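Since we're looking at a predicted model, the values are computed, not measured. In the text below, chain A, chain B and the rest are named by the order of the sequence lines, each starting its count at 1.
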Amino acid sequence: MSSVPLLPPPDDDPLLAGLNPQQREAVLYRGQSLLIVAGAGSGKTSVLTRRIAGLLKWREAWPSQILAITFTNKAAAEMRERVRALVGDESDGMWISTFHSACVRILRRQAEAMGMKQSFTIYDTADSRALMKRIIKELDADTIGFTVGGALGRISRLKNELTDVDGFARNANMSDPKEAVLLEIFRQYTAALRRANALDFDDIIAETVYLFRAFPEVAALYQRRFRHVLVDEYQDTNHAQYALVRELTRAPVAVPGQSAFDGASLTVVGDSDQSIYAFRGADIRNIVEFERDFPNSKVILLEQNYRSTQNILDAANSVIANNFDRKAKNLFTVVGSGDKIIGYTGYSGHDEAQFVADEIEKLRDAGSSYNDIAVFVRTNSQTRPLEEIFIRSAIPYRIPGGTKFYERAEVKDAFGYLIQVANPDDDLALRRIMNVPKRGIGPATEAAMQAMAERQGVPLREVLRDAASLGLGPKVTAAITDLGELLDEVAATVATAAPHDILTALLTRSGLHAALKNSGDPQDEARAENLEELVSQAKEFRVQNPEGTLVDFLTNVALFSAADEIDDHDGSVSIMTLHTAKGLEYDSVFLTGLEEDLLPHRMSVNETGGIAEERRLFYVGITRARKRLFVSLATSRASFGDVAVSMPSRYLAEIPGELIEWRDSGGSGFRSGFRGVRAAPMRESYGQLPPAPRQKTEWTTPITAKVRDNGDLTLAVGDRIRHTDFGEGRVSAVTGVGPKTVAEVQFETAGRKRLLVKIAPIEKL
DNA sequence: CCGATGCCGTACATG
DNA sequence: ACGGCATCGG
């Protein structure tokens with residue numbers, strides 16, 4: 001493939017329409033390696049899609065020669081659609097996916113070469129933890145200070161650095177007993193995964209690199225195939241991902257009699273100011289040293305911002321300027337200064353949440369859609385007060401990544417069955433379901449089975465087929481045999497049956513669904529519904545992927561991420577962590593919990609580079625906003641059951657004061673510190689003080705934790721009510737039906753509020 | 001083997 | 001505050 005376009009695109013080619021000179025160059029540049037430094041909101045997705053579309057449209061590449069790596073599955077799907085919109089069916093056959101999805105695809109194809117079966121299981125964090133727990137217990141490693149999380153963290157870092165067990169054995173300091181034990185833990189963990197025909201998340205990348213290095217002819221298949229490799233969010237790649245990119249873009253080994261291939265062209269897009277994944281091994285040097293790593297590379301800087309107002313950009317610029325070891329970059333826009341940033345200091349997380357809810361309602365009244373509003377938090381625990389207030393205020397919301405649907409016990413149980421059908425070597429999955437639903441196989445029985453499996457060197461599943469040899473009672477023997485038969489019979493259908501049919505068969509025949517359905521416990525009823533929901537999801541998967549096998553379904557679920565859950569059109573406000581927010585944008589953004597110990601997080605302040613990394617997180621949050629930015633904090637916050645005083649985040653003081661309009665005490669957020677608790681006047685709309693004077697403790701958590709139920713309370717326009725926080729008011733409108741009935745109430749002191757009648761802490765007067 | 005009780009760690013971010 | 005899980009009694 002020539003490095004010059006075969007047919008130079010005409011200047012008026014619609015693919016180039018509306019691009020600024022730098023963007024245009026980023027679309028058209030042809031060479032071995034290109035770094036696009038894309039500031040926040042600089043139109044990089046547009047550039048990336050047009051670059052790919054150009055390669056196709058101008059006949060420089062076939063779709064199958066393109067590999068584009070995005071940060072999320074959702075971003076991949078969107079990029080695919082956008083390229084398709086530009087060039088149509090010509091785009092079929094491209095690989096656009098995340099690192100993990102691309103690697104799993106390669107590994108399943110090449111499973112034999114790497115000594116695994118095609119049906120390998122992908123362990124999620126909980127699976128890895130369960131396995132590690134057994135190993136640490138077995139080795140008594142907890143007595144010398146090993147924890148499950150600690151050991152997994154060490155191993156994860158080793159894998160991200162492409163250090164395998166042998167490599168670690170060579171380099172570890174064996175005179176240190178802890179290192180020696182860690183080696184043994186690493187060895188056993190690796191062996192257990194192998195035996196189970198399973199990989200953890202880190203293995204997915206590392207094993208692909210090992211595969212390519214061990215089998216140059218396998219690597220060459222992909223090196224010849226992919227002529228253009230593009231990587232988005234390059235600042236958040238770790239060493240293993242970097243090595244993978246190097247392998248993919250290396251010139252393939254020459255094959256006698258065949259023409260030689262150059263290495264593929266590489267385009268990376270990123271912004272070191274948005275690097276926020278150091279904790280999982282992301283190495284900012286990958287992007288900072290790109291020019292050194294890839295000689296003769298071209299660097300194009302995109303600084304014009306098409307997303308935010310100048311006020312928002314000014315705030316972002318002045319915050320990030322405090323990170324000293326960065327290349328100067330200044331975002332600018334031509335849209336004008338826009339609204340000021342709104343600041344609010346609340347008394348508690350609930351007070352802060354009430355501010356957010358009230359502002360959201362104002363935005364809504366002014367014509368905003370809930371979809372265009374997002375609330376960002378640093379930690380997942382911050383979502384709780386927001387949820388409580390949103391429910392009470394009848395604000396529809398979603399928490400991408402917060403549902404944890406796939407982490408529910410009953411859902412994991414269902415997956416235990418599915419995995420055992422797909423991958424009988426996976427002992428962990430079998431142990432999970434051995435006695436679920438209860439079938440009389442207790443720990444003692446399980447230990448006997450485990451011992452037999454180990455004696456014979458077979459997977460636990462084999463023992464199910466020969467239960468009689470265990471010499472146990474007739475009842476338990478029959479239970480074991482039945483389970484084995486169930487799994488074997490369903491497994492026999494796996495080649496032809498759709499995932500949802502396999503799932504239904506397992507749920508029905510195991511009695512798992514019926515056990516929950518018939519238990520009489522309302523919580524079990526909800527669990528049964530979750531299983532039904534899972535069946536629906538499996539059906540939906542089959543609709544989206546008519547050829548999708550059970551293994552495909554399991555892969556899909558394993559690699560499903562928080563950001564993939566975001567639905568831009570479902571009419572709800574999104575509450576998410578700052579990490580999940582990366583790459584997204586909203587008209588209105590609420591940055592909450594801007595407090596010391598939260599942002600920067602207390603765990604980060606002692607880490608090298610921690611303060612700078614947290615500042616980037618703040619920067620990412622600010623730059624998500626298009627038109628309106630709200631920053632808020634609370635002077636006290638509940639954690640672990642009690643309440644702690646909190647101080648404003650140091651980063652707030654890095655925003656020029658004139659850009660922020662504080663809605664509370666009138667001072668800056670920085671000065672309003674915890675002195676402000678007493679100094680601030682109790683504003684009618686946000687202060688939680690009800691009409692009568694109250695004790696100090698009562699303004700911290702005015703919300704009843706348990707959900708109220710007003711039953712069939714009905715309200716009509718004109719009714720007078722009393723609310724525990726807002727006082728007395730008059731109903732001005734009623735909308736919605738049944739449990740979703742919403743009353744709009746004009747309170748005497750607290751202003752107008754929308755309340756979900758069923759659960760609001762109100763009484764009719 | 002199963003359910004009840006009480007204690008302990010949890011919660012920094014994620015594929 | 002809450003759930004997971006270890007320990008105990010039935």
Looking only at side-chain N and O atoms, does A/Thr580 come under 4.0 Å of OP1 or OP2 in B/dT14?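 Affirmative; the distance criterion is met.
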Using a cut-off of strictly less than 4.0 Å, decide whether A/Asn380 has a side-chain nitrogen or oxygen near OP1 or OP2 of B/dC12.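 No, outside the criterion.
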Between the base of B/dG15 and the side chain of A/Asp202, is one N or O donor paired with an acceptor at under 3.5 angstrom? yes
Would you mind reading off the distance between [X] atom [atom1] and [N] atom [atom2], rounded to a whole angstrom?
X: A/His579; N: B/dA13; atom1: NE2; atom2: C1'; result: 4 Å
X: A/Arg129; N: B/dT10; atom1: CZ; atom2: P; result: 8 Å
X: A/Phe279; N: B/dC12; atom1: CZ; atom2: P; result: 12 Å
X: A/Arg280; N: B/dA13; atom1: CZ; atom2: C1'; result: 9 Å
X: A/Asp127; N: B/dG15; atom1: CG; atom2: P; result: 15 Å
X: A/Ile204; N: B/dG15; atom1: CD1; atom2: C1'; result: 8 Å
X: A/Leu617; N: B/dT14; atom1: CG; atom2: P; result: 10 Å
X: A/Asp236; N: B/dG15; atom1: CG; atom2: C1'; result: 12 Å

Have a look at [X] and say if it touches a base, only the backbone sugar-phosphate, or nothing, with a 4.0 Å heavy-atom cut-off.
X: A/Ala558; result: nothing
X: A/Tyr277; result: sugar-phosphate
X: A/Thr445; result: sugar-phosphate

Hey, what do you get for CE (A/Met434) to CD (A/Glu446), rounding to the nearest 0.5 Å?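 Those atoms lie 4.5 Å apart.
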Scan nucleotides 2-7 of chain B nucleotide by nucleotide, 5' to 3', and note B when protein non-hydrogen atoms come under 4.0 Å of the base, S if they reach only the sugar-phosphate, - if neither. SS----
Just by protein heavy atoms under 4.0 Å, how would nucleotides 4-10 of chain C read 5' to 3' in B, S and -? -S-----
Under 3.5 Å, is there a donor on one side chain and an acceptor on the other for [X] and [Y]?
X: A/Asn423; Y: A/Thr121; answer: yes
X: A/Gln110; Y: A/Tyr222; answer: yes
X: A/Thr555; Y: A/Asp552; answer: no
X: A/Ser272; Y: A/Ser275; answer: no

Output, in order, the C-alpha distance, side-chain angles, deciding distance and verdict of salt bridge (Lys or Arg N to Asp or Glu O under 4.0 Å) for A/Arg398 and A/Asp567. CA-CA 9 Å; A/Arg398 270 177 182 271; A/Asp567 180 338; 5.1 Å; no
Honestly, is [X] close enough over [Y], meaning NZ or CZ under 6.0 Å from the six-membered ring centre and within 45° of the axis?
X: A/Arg615; Y: A/Tyr651; value: no
X: A/Arg280; Y: A/Tyr277; value: yes
X: A/Lys582; Y: A/Phe71; value: yes

Taking only heavy atoms on the protein side, list every residue of residues 596-608 of chain A lying under 4.0 Å from any atom of DNA chain B, sorted numerically.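 Hits under 4.0 Å, by residue number: A/His601, A/Met603, A/Glu607.
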Quick one: do A/Glu596 and A/Arg650 make a salt bridge, cutoff under 4.0 Å?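 Salt bridge present between A/Glu596 and A/Arg650.
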A/Arg432 bridged to A/Asp413 by N-O distance under 4.0 Å: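 Judged by the 4.0 Å cut-off on N to carboxylate O distance, A/Arg432 and A/Asp413 do form a salt bridge.
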Could you check whether any side-chain heavy atom of A/Leu599 comes within less than 4.5 Å of a side-chain heavy atom of A/Leu594, counting everything from C-beta outward? yes
If each of A/Ala444 and A/Glu613 is mapped to the nucleotide of DNA chain B with the nearest heavy atom, which maps nearer the 5' terminus, i.e. the 5' end?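 First, find each residue's nearest nucleotide; the 5'-ward one identifies A/Ala444.
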For DNA chain B, whose closest nucleotide is more 5', that of A/Thr577 or that of A/Ser381? A/Ser381
May A/Phe99 be described as stacking on the base of B/dG15, applying a 5.5 Å centroid limit and a 30° limit on plane angle? no
Heavy atoms only: give me the nearest A/Leu131-A/Ala192 pair and the separation to one decimal. CD1-CB, 3.7 Å
Of the listed B/dA13, B/dA11, B/dC1, the closest approach to the A/Ser639 side chain comes from B/dA11
Nearest to the side chain of A/Phe640 - B/dG15, B/dT14, B/dA11? B/dA11
